[in-house]
Amino acid sequence: MKSYLRYVLESSVLVVAIVLTRVQAQVTPPNLVVADKLHLPHKPFPFPKPWPTRPPPKAWEYKISDYSNHPCKRECVAGSRPMTCRYVFVVENYFTLSRACHDCPYNQSHCSLPHCVPADGLRKAIKVVNRMMPGPAIEVCENDRLLVTVVNRLEPSEVTTIHWHGQLQEKTPYMDGVGLITQCPIGFNAKFTYRFKASDPGTHYWHAHSGPQRADGVYGALIVRRPSSPLLEPNLGLYEHDLSDHVIIIMDWTEDSVTDRLSRYTHVDYDAKPRLMLVNVSSSSRCNNSNLEEIVVVVVVVVVVVVVVVVVVVVVVVAAAVVVVL
Ligand SMILES: *[C@@H]1O[C@H](CO)[C@@H](O)[C@H](O)[C@H]1NC(C)=O
Ligand SMILES: *[C@@H]1O[C@H](CO)[C@@H](O)[C@H](O)[C@H]1NC(C)=O
């Protein structure tokens, strides 16, 4: 009864509000007309020149690279001069198993074609840098100067920033890439160049710091190496080779979009924990399944072999016994 009364009250308040707005609209015409009636001085339209036209995009904005052969990816030598390392990161909405994948997964050789993101075979909208997931790996030496131009080619109204995880940004806090805290986020069709020194060596990663873009695919490796000298690299005794091929990136992977999952988590009390992982973009769960199948096959083969051997031994022993007895 109480809630019914409240409903009636609320709807009548709404009706009154609508009626009032209508009445007001009749009484007060739109602002512009009022200004005219007040005989305000006419202001010229504040564009002295024709509309500024956007300069045509430079070619490099579209030339995307995986930077697998970047000159900064080199052996770090003690005493050598740091390099300036330039990258262009184009952030886009993308899809797994896009047209770039041709016949993947039916023809496995097509799955490694450029711009093909097969993931674990799940068709899903993702966000990527340079049409890769993970995005291009940045591999530099300590004290190199990084210049990463991030171009936002997402949807209009969608903004982005990139955070360089593990870099303390001591003299460049405004290059930390946390939207609305250390910089204005990069708007649609805009670009921003991050300039900072790779001052903190280690195995780090970069990722988008805007909405759920990181979970949707905007992430990649950021490796800052030191010269392999015992004085500079205290962990030298712990490994023999520090190769690019040894970099592995692990990512949570969900069947639905991350926004979908977060809304479910908040409003439906759904368990938001991802069940899948991508290891350098191959799924662990499917590996587990195939492992299980392999184990079953191996066990069956072993049992069959053992049974055959036992039967053969028994037959031989019985035959021998029969021969001896006779
Ligand atoms: C897979 O693709 C390669 C290259 O396009 C082609 O040479 C090969 O015949 C294809 N394999 C199959 C089974 O279609
Ligand atoms: C994993 O990805 C990184 C960069 O994203 C690459 O350098 C590395 O070679 C890959 N590792 C394997 C084992 O494929």
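We're numbering straight along the sequence, starting at 1. Values reported hereafter were calculated over all heavy atoms of this structure, with side chains retained and with hydrogens, waters and symmetry mates removed. We count ligands from 1, going down the list as the structure has it; atoms in each ligand are counted the same way.
Heavy-atom contacts of Ser109 reach the following atoms of ligand 1: 1 (C), 2 (O), 3 (C) (cutoff under 4.0 Å).
Distance check: Arg261 CZ to Asp252 CG gives 9.5 Å after rounding to the nearest 0.5 Å. Taken from CG in Leu147 to CE in Met175, the straight-line distance is 8.5 Å, to the nearest 0.5 Å.
With His241 contributing its side chain and Leu243 its backbone, the two residues share no donor-acceptor pair below 3.5 Å.
Between the side chains of Thr160 and Ser210, not a single donor N or O lies within less than 3.5 Å of an accepting N or O.
Nearest non-hydrogen protein atom to atom 5 (O) of ligand 1 is His110 NE2, 2.9 Å. For atom 13 (C) of ligand 2, the closest heavy atom belonging to the protein is Asp245 O, 3.6 Å. Here the protein heavy atom with the shortest distance to atom 12 (C) of ligand 2 is Asn280 ND2, 3.1 Å. Closest to atom 6 (C) of ligand 2 among all protein heavy atoms lies Ser244 O, 3.9 Å. Nearest protein heavy-atom neighbour of atom 9 (O) of ligand 1: Asn107 ND2, 4.7 Å. At the top of the distance list for atom 4 (C) of ligand 2, counting protein heavy atoms only, stands Ala137 CB, 3.8 Å.
Aromatic ring orientation, Tyr87 versus Tyr67: perpendicular (interplanar angle above 60°, classes split at 30° and 60°).
Distances between N or O atoms of Val247 and those of ligand 2 include at least one value under 3.5 Å.
Taking the six-membered ring for Trp, His163 and His207 have ring centres closer than 6.0 Å.
At a heavy-atom cutoff of 4.0 Å, ligand 1 is contacted by no atom of His102, backbone or side chain.
Of all heavy-atom pairs between Pro185 and Leu180, the closest is CD-CD2, 3.7 Å.
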